[in-house]
Amino acid sequence: MVSQARKSELLFSGSDWDFAKLSRVYEEIEAIGVEELRLDIYPVQMEVISSEQMLDAYSSVGMPLMYRHWSFGKHFLYNEFLYRKGARGLAYELVINSNPCIVYLMEENTMALQALVTAHAALGHNHFFKNNHLFRQWTDAGGILSYLDFAKSYIARCEERHGLAAVEAVLDSAHALMEQGVFRYHRPPKLSSEQQREGLRERLEYEERSYNDLWRTLPPSQGRNKPEAADESLAERKKSLNLPEENLLYFLEKNSLVLEPWQREIIRIVRVIAQYFYPQRQTQVMNEGCATFVHYTLMNMLFDRGRISEGAMLEILRNHSNVVFQPAFDDPRFSGINPYALGLGMMQDIQRISTEPTAEDRDWFPDIAGRGDWRDTLLDAWANHRDESFVRQYLSPALIRKWRLFVLADGADEPHYEVASIHNERGYSKIRSALAQSYDVGASRPDIQVVDVDLLGDRHLRLRHNVKDGILLEDESRDATLRHIRRLWGYDVSLAAMDAETGATLSERSTKEL
């Protein structure tokens, strides 16, 4: 009787929180999450921050120990203005993919909201970061915090030694290329250890002491005028430089003839941070859906066990409803599909198909329909899918009807839209495929590659944009980006837009024309 009475005691009452309550709530949520949902998480480090600190975290892409850059201050002022005017709210929490997993909680949150976001971030996001294959293969949660500490101190020393303007110029150009500064198809190396970074620090200092700017003013080697050098084939040149190369920052870091050692290291720092965020761009629906499903499930379990009051549960459900709200297409607030709502809807649908399938579900999902253990299905999906493959495999006709999804064909030469796919068997497949394709980062990002450069000749860097569906780059941003590449490369750069299907050249732009 005593044990049962203790189990039904409320974890907290009222809206005020303190650290003892936060600790008690986390311990209870973690125990239920591990036992009931079989979650596997990193150790958690929770920090309570003010709204201004949250705005500061916004401005530096949510990372602690971030180096200084003028763009972060610009973002801070912009977000602060919107927040003070009431045009934008702040996230209730912020979570860092690291080991230990760092969770920032807003001090303005009520205790009920702190419980909700603890389940959302410290359990849901944490499990996804630790177990999803993209994060396991492409990021180093155990090394990112020490690497950021190294990056911040290294750039600060560069500012002292070379001046703020020189460092900012390199950072500006590197930031402009972050979207094209990731490896998409082969795994990047793990972050170096503290001992290796200390060796790197010593090597860079030696290179900076011994670097002589006169080397890059020397004329090209006379050997390039020999017949055997002049006749070097394009294929051999590409092979020696591993071309084509998709990662522009990597190519510039390794091959630019004008960069000093400290500049190369700054480019590498920006490249590592860009790579760190690459999996998050591919898993927004799954990541937020997982965290939302976990917090909704755990909060209901706590309520059913008598651990939180009806008033607290009503507040939790109100905040949950705000998070998963999906405006209609004709609503002024509509800005696309809410990843929280779609992710939660699909995961609850998997739960339904596993326990209460219809005949239609058995036809579309014979492997999971009626199997009963929805936990195994969700754990497998969280571990082995990204947004594109998750939607392609698990979006059901029932959810398509519930969301009233259909496909519009928008031909550039046609005056009207055409409803291309509706709610029939063939239409469901096309709708699912079209929605999945919209979450494919590789298909939505410009495919720009380094295709040729003659390091023994004019050193003209040639890039190719593989144009899909006739969508060209915007002229102004294209020209500005080419100027940034020219700054890091030191010689002329050209970009040829070529149709990905036919190979026809659609346009070409060179820094000689800028």
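- For Tyr42 against Ala141, the heavy-atom pair with the smallest separation is OH-CB, 3.4 Å.
- For Ala312 against Ala112, the heavy-atom pair with the smallest separation is O-CB, 4.0 Å.
- Remark: Lys402 NZ is loosely packed, at most 12 non-hydrogen atoms of other residues, nucleotides or ligands lying under 6.0 Å away.
- Counting heavy atoms from C-beta outward, Gln326 and Leu342 have side chains that stay 4.5 Å or more apart.
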For Leu378 and Trp382, run side chain to side chain contact (heavy atoms under 4.5 Å, CB included): C-alpha distance rounded to whole Å, both residues' side-chain angles, the deciding distance at 0.1 Å, then the answer. CA-CA 6 Å; Leu378 286 176; Trp382 294 339; 4.1 Å; yes
Evaluate Asp349 against Ser396 for side chain to side chain donor-acceptor pair (under 3.5 Å), listing each step before the verdict. CA-CA 8 Å; Asp349 199 45; Ser396 71; 2.4 Å; yes
Set out, in order, the CA-CA distance, both residues' side-chain angles and the distance that settles side chain to side chain contact (heavy atoms under 4.5 Å, CB included) for His175 and His484, then state yes or no. CA-CA 9 Å; His175 283 185; His484 282 296; over 6 Å; no
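- Summarising the geometry of Met106 relative to Ser50, their closest heavy-atom pair is SD-O, 4.1 Å, with the distance given to 0.1 Å.
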Start with the C-alpha distance between Asp373 and Arg38, add both sets of side-chain angles, then the distance that settles salt bridge (Lys or Arg N to Asp or Glu O under 4.0 Å), and finish with yes or no. CA-CA 12 Å; Asp373 194 352; Arg38 301 201 286 273; 3.3 Å; yes
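- Separation of the Phe135 and Phe129 ring centroids falls under the 6.0 Å cut-off.
- The nearest pair of heavy atoms linking Glu360 to Pro397 is OE2-CB, 3.4 Å.
- The two residues Met111 and Trp17 make their nearest non-hydrogen contact at SD-CB, 3.3 Å.
- Looking at heavy atoms from C-beta onward, Arg318 lies in side-chain contact with Glu315 at the 4.5 angstrom threshold.
- Atom CD of Glu474 sits in a crowded spot, with more than 12 heavy atoms from other residues, nucleotides or ligands closer than 6.0 Å.
- His295 places none of its side-chain heavy atoms less than 4.5 Å from the side chain of Leu123.
- Glu47 places none of its side-chain heavy atoms less than 4.5 Å from the side chain of Leu105.
- Between Ile337 and Leu435, some side-chain heavy-atom pair lies under the 4.5 Å cut-off.
- Formation of a donor-acceptor pair under 3.5 Å by the Gln180 side chain with backbone atoms of Pro446 is found in this model.
- The number of heavy atoms from other shown groups lying within 6.0 Å of CZ (Phe406) does not exceed 12.
- No side-chain donor from either of Ser354 and Gln351 sits under 3.5 Å from a side-chain acceptor of the other.
- Looking at Glu425 and Trp364, their side chains come closer than 4.5 Å, going by heavy atoms from C-beta outward.
- Looking only at distances, a side-chain donor or acceptor of Ser153 sits under 3.5 Å from a matching main-chain atom of Phe150.
- Few gaps surround CZ on Phe12; more than 12 heavy atoms of other groups in view lie less than 6.0 Å from it.
- No donor-acceptor distance shorter than 3.5 angstrom exists from the side chain of Arg386 to the backbone of Tyr439, with no hydrogens or angles considered.
- A donor-acceptor contact shorter than 3.5 Å is absent between the side chain of Gln114 and the backbone of Leu22.
- The aromatic rings of Tyr394 and Phe390 are tilted relative to each other, their planes meeting at an angle between 30° and 60°.
- Residues Arg307 and Leu10 are not in side-chain contact: their nearest non-hydrogen atoms beyond the backbone lie 4.5 Å or more apart.
- Ring centroid separation for the pair Phe293 and Tyr296 does not come in under the 6.0 Å cut-off.
- Side-chain contact of Asp361 with Thr358: a donor-acceptor pair under 3.5 Å is present, judged by distance alone.
- Residues Tyr104 and Val95 are not in side-chain contact: their nearest non-hydrogen atoms beyond the backbone lie 4.5 Å or more apart.
- Heavy-atom minimum distance, Pro100 versus Gln45: CG-OE1, 3.9 Å.
- Between the side chains of Asp447 and His465, no donor N or O sits under 3.5 Å from an acceptor N or O.
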